[in-house]
Every structure is written in C-alpha cells, then in structure tokens.
Amino acid sequence: MAATEPAAGDDSLYVLTACLLTPARFPSVLGDDYPAACAALGLAPYEEGYGLLFGQDGLGARWTVVIDDVSLVAVAIASWDCGMAYDLSPDESSVVAGLPGWPLPVATKAPGVPDPHDPEPEEGDPAPLTPPTGDVWGPAQRRLGADEVALHWNEWRDRIAPRPAQERPAAAPTTAQDPYTGVRRALEELRGYLEEPPPAGRVRSGFAGEGARTIRADGPGWSLVARTDDMAFVLLDDLPREVLPVTRGPQLPALLEGLDAIAVRPT
C-alpha cells in the first residue's frame, strides 16, 4: 500500500489497488469500449490511457484517483500479480482527477482509518462512483459475465460436449422464442466490424496459449468471448445470466481471425 495526494482534498490517499484504463485493457463494467469507459469517468479518451488508483483518504473516504502515468501502474500491477510489494506513489503532476467512490468492488481497507465510505459531498461534486449490483442484469453485468467466461474458459468449455463442427448454437432452443436470435445479430454486427472498424477497445485480443488468442468483443446488448482455435460464447442483455455457446463452423474461424486482426492488443 502506498500514499499519494488526491486531487480533491488535502489528506493522503492510501492506495489499496489499481487498474489500467487503456484501449486494450479497461474495466469493462464502465462501457463497451475505451471511449465509453472514459466517458463514464468524465475523461477524454487519451490514446495512451490512464491508471486508476483506488484508495481511502485519512478519514476513510473512498476515492478513485486518475493518473496519466500508465507505465507506473502497469509495473505495480505486474509486481502485485507476482506476489511482490510495490510502492505505488505517483508524482503529483501525473494526477488527472480525483473522483469520489469506487467503480469496482475493493475487498481490502486501509489500516488505521475508518471503514470505507463515500466522502461528504460538496456543491458541484459528481455523484460517488459505485460498483454494479448483482441483483439486476444489464450491460455492466453482461460484460462482467463475459469477463468471467474468458477468465474461466476451460471450465465453460468443458460443459460443451464434443460435436461435429457447425456454426450454430450448441444446443437447440427449447422455448417458443428463439434465444439465438440475439446471437445471430451479434455475429452479423461482428462481421460489420470487419468492414467498418468499431471504437477502440470494442474488440480486444489476448494471449490464450498454444498459438491461439482470446477474443473479447462487445456491442449494443451483447458480449462475445471466443478463442481463435475453438468456439465462442455470447451473453445478451435480453437473456439474464445465460451463456450461449456457438460451436465452430465454416464461417466462425474466418470471423475470429478477422476480429483478431483488427483487435487492440496489450503492449
């Protein structure tokens, strides 16, 4: 844990954790793409991106501090992921904004200060940022669900029995309303991305091992997770908490390869 000065007050900020806000890596809870995620925080979509520091001030209030030193935050995250301590103390000149609240849940709290709470609002302050709740379903929950599928790909993949290659739903619809109407629409919109590139971060590509890539893509009302050497899963706003599998067929491989070619990749 480290300390830096928040933009909104005189107390030090005790940094609990941090994340990146870049075209290739941003909290998907904030939006379908990088410009939308920036807009959710009132930020311009700066091409180099930002770092987000989540912490508490001396009174225990939650703050999200935005800095433009992306490399510093990336090094800190890499160190923490390796179990190493890292003193994340950015220069005051790198602070872009101090926003009340946290847009993501933070499981820890700073020692020696009151429990986390929203700061007392002052006139003109924005509403405190809050994480999405789990008792409703909407775009934020849909994108978070897709992130979970990507994180636990093998577990979701193992639920699908091997089948002959086919670009159609892995299971036939069982209700009067075809749940795969939304899937077909998502695939058509993804093909449209190949002809007219979407906003930055709408399609992202990550390392999946064995020469494959993980594709994460979003659009209005849908999210997709896929591997370039395998199948895809789609989540829809219209079908709460449903993960719809689409098996590999004659067109899906070319679509995924095309998406990988236009996707933003971490550097």
Side-chain angles (χ1 to χ4, degrees), residues 1-31 33-113 116 118-119 126 128-131 143-144 147 150-151 199-202 204-207 214 216 263-267:
M1 185 175 66
T4 187
E5 294 295 320
D10 296 330
D11 291 336
S12 292
L13 180 82
Y14 298 92
V15 178
L16 302 174
T17 188
C19 74
L20 294 176
L21 176 60
T22 68
R25 188 175 175 185
F26 58 89
S28 62
V29 65
L30 296 176
D33 50 55
Y34 174 65
C38 289
L41 300 179
L43 303 170
Y46 174 51
E47 184 177 354
E48 299 301 321
Y50 305 91
L52 303 181
L53 315 183
F54 307 120
Q56 294 175 261
D57 64 20
L59 299 177
R62 307 180 185 96
W63 289 95
T64 297
V65 171
V66 184
I67 67 172
D68 59 15
D69 193 342
V70 176
S71 297
L72 177 66
V73 177
V75 170
I77 293 172
S79 299
W80 296 336
D81 287 346
C82 294
M84 301 169 56
Y86 191 91
D87 182 13
L88 181 51
S89 298
D91 187 89
E92 185 176 352
S93 63
S94 69
V95 175
V96 176
L99 305 172
W102 296 330
L104 304 173
V106 177
T108 58
K109 64 179 183 178
V113 300
D118 291 334
L129 301 169
T130 57
R143 291 189 295 265
L144 287 173
D147 289 345
L151 183 63
R202 186 69 67 91
R204 305 185 296 283
S205 174
F207 178 72
T214 295
R216 265 290 282 113
V264 181
R265 299 187 178 207
T267 57

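The first residue in the sequence is number 1, and the count goes up from there. On a predicted model such as this, the values are computed, not experimentally measured, just so you know. Any value given below was found using the heavy atoms of this structure, including those in side chains, with hydrogens, waters and symmetry copies removed.
- Remark: R25 pairs with no residue by the salt bridge (charged side-chain N to carboxylate O under 4.0 Å, His left out) rule, at least two apart or across chains.
- In this view, S93 and D91 satisfy the side-chain hydrogen bond (donor to acceptor under 3.5 Å, both in side chains) rule, not counting sequence neighbours.
- The ring-ring contact (aromatic ring centres under 6.0 Å, His included) check on Y50 picks up Y46, with sequence neighbours excluded.
- Checking side-chain atoms of R143 against main-chain N and O of V29 turns up a donor-acceptor pair under 3.5 Å.
- Rounded to the nearest 0.5 Å, atoms CG (L129) and CZ (F54) are 8.5 Å apart.
- Closest approach of R204 and A263 over heavy atoms only: C-CB, 3.8 Å.
- For D147, the side-chain hydrogen bond (donor to acceptor under 3.5 Å, both in side chains) partners two or more places apart in sequence, or in a different chain, are S28, R216.
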Let me check something: any side-chain donor-acceptor pairs from residues 95-106 under 3.5 Å, sequence neighbours excluded? List them with distances.
from: W102; atom 1: NE1; to: G55; atom 2: O; distance (Å): 3.1
from: W102; atom 1: NE1; to: W63; atom 2: O; distance (Å): 3.2

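- Scanning for side chain to side chain contact (heavy atoms under 4.5 Å, CB included) contacts around A36 gives D33, with sequence neighbours left out.
- In terms of heavy atoms, A150 sits closest to T214 at CB-CG2, 4.5 Å.
- In terms of the side chain to side chain contact (heavy atoms under 4.5 Å, CB included) criterion, residue partners of A18 (sequence neighbours excluded) are, by chain and number, L53, V73, W80, L88.
- Among all heavy-atom pairs drawn from P27 and C19, the shortest one is CG-SG, 3.6 Å.
- Residues satisfying the side-chain hydrogen bond (donor to acceptor under 3.5 Å, both in side chains) criterion with T64, sequence neighbours excluded, are absent altogether.
- Judged as a side chain to side chain contact (heavy atoms under 4.5 Å, CB included), and not counting sequence neighbours, T130 has no contacts.
- Contact of the V66 side chain with the L21 side chain is not registered, since no non-hydrogen atoms from C-beta on lie closer than 4.5 Å.
- In this structure, Y86 and L72 have side chains that are in contact, with non-hydrogen atoms separated by less than 4.5 Å.
- In terms of the side-chain hydrogen bond (donor to acceptor under 3.5 Å, both in side chains) criterion, T17 has no residue partners (sequence neighbours excluded).
- Of all non-hydrogen atoms in F26 and A37, the two that sit nearest each other are CD1-CB, 3.8 Å.
- Summarising the geometry of P119 relative to R62, their closest heavy-atom pair is CD-O, 3.5 Å, with the distance given to 0.1 Å.
- When all heavy atoms of P266 and A24 are compared, the closest pair comes out as N-CB, 3.7 Å.
- For A74, the side chain to side chain contact (heavy atoms under 4.5 Å, CB included) test picks out L20, with sequence neighbours left out.
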